[in-house]
Protein chains: 2
Amino acid sequence: MNEKSISRSAKSAVPPRKRIMSAARDLFYRLGIRAVGVDAIAEAAATNKMTLYRHFGSKDVLIEAYVQELADEADARWEAIIAAHPDDARAQVKAWLDHVEQVVNCSGERGCALANAAVDLRGPDHPAVHIVDAYKMRKRARLIDLFARAGYENPEVLADEVFLLFEGARLSLQCYGGPEGPGARLMMMLRRLLSDPSRP
Amino acid sequence: MNEKSISRSAKSAVPPRKRIMSAARDLFYRLGIRAVGVDAIAEAAATNKMTLYRHFGSKDVLIEAYVQELADEADARWEAIIAAHPDDARAQVKAWLDHVEQVVNCSGERGCALANAAVDLRGPDHPAVHIVDAYKMRKRARLIDLFARAGYENPEVLADEVFLLFEGARLSLQCYGGPEGPGARLMMMLRRLLSDPSRP
DNA sequence: CAGCACTGGTACTGATCGGTAACATCTGCT
DNA sequence: AGCAGATGTTACCGATCAGTACCAGTGCTG
């Protein structure tokens, strides 16, 4: 019965499609999408190229699924943050700031995986780029909406400022790793910008 | 005498090394470093692969020279801005803002070529990445120095804020092309931040 | 003229990569 | 047991890419 899960080595506890996607996420993010071949992904997923191609018709399809999964997860994280504090926009802002702090302080940060994917794929206009662009636009629109509900003046301008600071920080953290550098000051800037709903 | 320059078709007016570097700059920026092969560069430079390899021992050397040239040019542009207004830090700030506006409004913007190169090459730690990192650190240090000389309070914090906004804008302009979107508001934010040397 | 340095062109190697075919194996289900 | 579907394994194809060998043309200089 449940022997099936144990007879096979631990890898089979999770189906191959998930293993492939997991391996692709790791390798794509660490080494870049173009730099990783399908053989490497299959090997890292403890499977082979054929199984990969049976689940994803081509590398482009896999790339698209990878980008889509990242965007979906980011959307879900946002929804969770919002849902955790219903009808309390100020608390939602605070929770989002905590989430940002967690992201920025995460070691091994190599920037936004979606942004990196867009850079990797924008040359030969890959369909996955549209997913990234659409996600970034959703993100900005959600910030505007959140800041408007929280009662800030000029929510559009504020959202753009926060958005650019965040994007710039994730990009710059790749050069300035440590607590020195502009990225580390991001939280201070964001908290100052969002400290009071009424600002000039 | 000068017949040599005319006998050859117009391409020979500029030596092959310059043509190769020029072609590499265009293709690397538009399509990505990894996505462009040396054959394509040689063809775009109206020469062949052999001449390319006689001037640059390998593609990695060419990449390094490409990144170095970008960094050198950016350094030179900064020096020119500073030198154009000697002993007048406020005017230097204003001139730099004009330069930023010019960069941001330039069509066909595909983000900072150095940042894109770093994303492309950071996977397999390419020596050129260090050039990018060093340049970004110089850039931040120069902003701090400029703002300190201009009499702003907290020049480090201000420089980091300006730096992140600028980097984020160049990254985001790839998704939000037009005058809508966060990138377009960059100049407004920067001018507000730098409007008065004495700010909270 | 002779020699030399630089350039262009062609063709090649060896490796890698995306993708496929054919066959063997294993699993779950009846 | 026995079947069907999913998975693993191996070998292969065609294309591309970085890098090289070899030869031919050109212009300069002694």
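What you see is a predicted model; the values in this text were computed from it and never measured. Reminder, nothing fancy here: chain letters follow the sequence lines and each chain counts from 1.
The stretch residues 117-128 of chain A has no heavy atom under 4.0 angstrom from DNA chain D at all. Within residues 22-31 of chain A, no residue places a heavy atom under 4.0 Å from DNA chain D.
For residues 42-65 of chain B, the set of pairs meeting the ring pair (Phe, Tyr, Trp, His ring centres under 6.0 Å) definition, not counting sequence neighbours, is empty. A ring pair (Phe, Tyr, Trp, His ring centres under 6.0 Å) check over residues 105-143 of chain A, counting only residues at least two apart or in different chains, returns nothing.
Residues satisfying the side chain to side chain contact (heavy atoms under 4.5 Å, CB included) test with A/Q68, not counting sequence neighbours, are A/D72, A/I131. For A/A134, the side chain to side chain contact (heavy atoms under 4.5 Å, CB included) partners at least two apart in sequence or on another chain are A/R138. Residues satisfying the side chain to side chain contact (heavy atoms under 4.5 Å, CB included) test with B/R149, not counting sequence neighbours, are B/I82, B/A89, B/Q92, B/D145, B/L146. For B/E73, the salt bridge (Lys or Arg N to Asp or Glu O under 4.0 Å) test picks out B/R25, with sequence neighbours left out. The side chain to side chain donor-acceptor pair (under 3.5 Å) test applied to B/D160 returns A/R185, B/R140, not counting sequence neighbours.
Other residues sharing the hydrophobic cluster of B/M50, ordered by chain and number and joined by side-chain separations under 4.5 Å: none, the residue standing alone. Other residues sharing a hydrophobic cluster with B/I144 under the 4.5 Å side-chain heavy-atom criterion for ILVMFWY residues do not exist; the residue is a singleton.
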Quick one: which protein N/O atoms are closer than 3.5 Å to N/O atoms of nucleotides 18-22 of chain D? Pair and distance per line, please.
unit_1 : atom_1 : unit_2 : atom_2 : d
D/dA18 : OP1    : B/K59  : NZ     : 2.8
D/dA18 : OP2    : B/V38  : N      : 2.8
D/dG19 : OP2    : B/Y53  : OH     : 3.0
D/dG19 : OP2    : B/K59  : N      : 2.8
D/dG19 : N7     : B/K49  : NZ     : 3.1
D/dG19 : O6     : B/K49  : NZ     : 2.3

